[in-house]
Student: 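Can you read through this structure? Questions will come right after.
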Amino acid sequence: MNHTKGGLVIFTANSHPSGRELGKRIADVEVRKKQYSTESFPLNPLAISSFVNTALVSIRDVNTTIMEMLIMVYACRTSCARSITGVLPYFPYSKQCKMRKRGSIVSKLIASMMCKAGLTHLITMDLHQKEIQGFFNIPVDNLRASPFLLQYIQEEIPDYRNAVIVAKSPSSAKRAQSFAERLRLGIAVIHGEAQDAESDQVDGRHSPPTVKTTGAIHPSMEIPLLIPKEKPPITVVGDVGGRIAIIVDDIIDDVDSFVAAAETLKERGAYKIFVMATHGILSSEAPRFIEESAIDEVVVTNTIPHELQKLQCPKIKTVDISMILSEAIRRIHNGESMSYLFRNIGVDD
């Protein structure tokens, strides 16, 4: 195995060809910086033997990727690596970061497994909830994709000055406000979406349902029954008539809410609709729904492979974020400050 100057070696997993492509891009950035020569900075492939267990064929690819990463980390640890930095642009199971219906907090489990395997540092991007960093007992650098998405808006949308930043639900209003302030644009918020927002889902604290009892609890200590929430009709707070609407969020997976938001904005007079998100999971029939919707363009970064989805839907565009991942790796390896990568980054980005 060839080692780089200073003992830095980059490995990439084999679970997905596009994952290897991102790893290659990260390595190529270091070569372009002239930190190392091409010969001394290889992207080391892994020789992994695998077998098919018919009882496990239904397990999603993400689980295979997680297990492969844990084995890689443990192999490096048992080979006496001085430090092991994991680069997970999209942290798996990041939406499972709260207890709902007495369920498990899966992102906490994943964090514990990574630390137990031997990870000493983690680089990720736009965690679904920033509090996930507290699940780790190792340093976690939560990088931001907002500078790249803002640059795309300024360079690829010629008349973006006539745009308005849209939050498709009140829960994403802070992110929309941050984008709007940096671009000096107005903001609009869609309220009253048909499905419950994530914060409204039952987290188990109210199960079993509270009931009035006279035997178990003293009458003066009865817990009042909660009045169920009822969402109002869909309204758009802000003017989008004759404007470009740019919907911003961190993850786009099930696109039903985005499609519904686009239809609402179209009815209110928006003549172009863009969707900007960091992580483009785009699972199931998402490409087809996007292609048939009022959305003009969906812009995501390459934190998650989505080449197949792009073939199915030409509206999907990709922003490359390998440069910031490469710089983060270099700074951590050289013991340099990471604050440069967070300059002008707000807490709501």
Side-chain angles (χ1 to χ4, degrees), residues 25 89-90 125-126 143-169 172-190 236-253 255-282 286-304 306-307 309-324 343-346 348-349:
R25 285 176 178 268
Y90 173 68
M125 179 165 282
D126 282 342
L143 305 178
R144 305 292 199 275
S146 56
F148 297 91
L149 298 176
L150 291 168
Q151 184 181 34
Y152 184 93
I153 293 173
Q154 293 171 317
E155 295 180 356
E156 302 298 330
I157 304 179
D159 47 350
Y160 82 92
R161 291 292 183 186
N162 188 37
V164 58
I165 306 299
V166 179
K168 69 178 180 66
S169 65
S172 57
K174 285 187 177 180
R175 178 181 293 269
Q177 180 182 359
S178 178
F179 272 63
E181 290 176 350
R182 296 181 191 285
L183 294 170
R184 306 295 191 269
L185 299 176
I187 184 174
V189 180
I190 299 176
V236 179
V237 181
D239 182 21
V240 298
R243 313 281 289 278
I244 299 173
I246 303 176
I247 305 173
V248 297
D249 214 331
D250 62 329
I251 299 173
I252 176 168
D253 184 5
V255 298
D256 290 346
S257 60
F258 291 93
V259 170
E263 292 176 354
T264 300
L265 293 170
K266 209 74 172 179
E267 293 172 358
R268 300 302 195 278
Y271 71 92
K272 269 189 179 180
I273 300 170
F274 291 80
V275 175
M276 315 285 293
T278 303
H279 310 295
I281 301 177
L282 302 169
R288 181 173 64 84
F289 292 152
I290 293 171
E291 187 66 24
E292 298 172 354
S293 72
I295 299 172
D296 292 282
E297 195 169 282
V298 173
V299 182
V300 294
T301 71
N302 55 344
T303 56
I304 297 175
H306 53 267
E307 275 63 30
Q309 289 88 334
K310 290 179 68 175
L311 293 175
Q312 298 172 352
C313 178
K315 292 182 179 180
I316 301 173
K317 308 297 180 182
T318 306
V319 175
D320 181 26
I321 43 80
S322 59
M323 179 184 300
I324 192 170
R343 69 191 190 286
N344 299 325
I345 297 294
D348 297 326
D349 283 1

Student: With sequence neighbours left out, what residues match Y90 under ring pair (Phe, Tyr, Trp, His ring centres under 6.0 Å)?
Tutor: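 Result, ring pair (Phe, Tyr, Trp, His ring centres under 6.0 Å) vs Y90: H279.
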Student: At what distance, to the nearest 0.5 angstrom, does OG1 of T278 lie from CE of M125?
Tutor: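 The OG1 atom of T278 sits 7.5 Å away from the CE atom of M125.
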Student: What closest approach, in Å, do R243 and A163 show between heavy atoms, and which atom pair accounts for it?
Tutor: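 The answer is NH2-O, 3.5 Å.
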Student: Are the side chain of K315 and the backbone N or O of E291 linked by a donor-acceptor pair below 3.5 Å?
Tutor: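 Side chain of K315 to backbone of E291, a donor-acceptor pair under 3.5 Å: yes, one is there.
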Student: Hey, does F179 have a side-chain heavy atom less than 4.5 Å from the side chain of L150?
Tutor: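 L150 vs F179: side chains touch.
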Student: The criterion is salt bridge (Lys or Arg N to Asp or Glu O under 4.0 Å); which residues satisfy it with R288, sequence neighbours excluded?
Tutor: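 Per chain and number, R288 pairs via salt bridge (Lys or Arg N to Asp or Glu O under 4.0 Å) with E285, E292.
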Student: Which heavy atom of N162 sits nearest a heavy atom of G242, and at what distance?
Tutor: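 That closest heavy-atom pairing would be ND2-O, 3.1 Å.
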Student: Does any part of the side chain of I304, heavy atoms only, come nearer than 4.5 Å to the side chain of N302, both counted from C-beta?
Tutor: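 No, side chains not in contact.
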Student: Test your reading of the model: is there a side-chain donor-acceptor pair from D126 to the backbone of S146, 3.5 Å cut-off?
Tutor: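 Not at all, since once roles are kept as given, no pair shorter than 3.5 Å links the two residues.
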Student: Name all residues meeting the salt bridge (Lys or Arg N to Asp or Glu O under 4.0 Å) criterion together with D296; count only those two or more places apart in sequence or in a different chain, and write none if there are none.
Tutor: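 Checked D296 against salt bridge (Lys or Arg N to Asp or Glu O under 4.0 Å); zero matches.
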Student: Hey, what do you get for CD1 (I153) to CE (M276), rounding to the nearest 0.5 Å?
Tutor: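 So the gap between those two atoms works out to 4.0 Å.
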Student: Just jot down the side-chain hydrogen bond (donor to acceptor under 3.5 Å, both in side chains) partners of E156, sequence neighbours excluded, or say none.
Tutor: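 side-chain hydrogen bond (donor to acceptor under 3.5 Å, both in side chains) list for E156, sorted by chain: empty.
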Student: Which pairs would a plain distance check flag for residues 259-270, meaning a side-chain donor or acceptor within less than 3.5 Å of a matching protein atom at least two apart in sequence or in another chain?
Tutor:
from: T264; atom 1: OG1; to: A260; atom 2: O; distance (Å): 3.0
from: K266; atom 1: NZ; to: Y271; atom 2: O; distance (Å): 3.3
from: R268; atom 1: NH2; to: I234; atom 2: O; distance (Å): 3.4

Student: Closer than 3.5 angstrom, by distance alone: can the side chain of S172 be matched with the main-chain N or O of S169 as a donor-acceptor pair?
Tutor: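 Yes.
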Student: Going by salt bridge (Lys or Arg N to Asp or Glu O under 4.0 Å), name the residues that satisfy it together with D250, two or more places apart in sequence or in a different chain.
Tutor: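 Testing D250 for salt bridge (Lys or Arg N to Asp or Glu O under 4.0 Å), a comparison that skips the adjacent residues, returns none.
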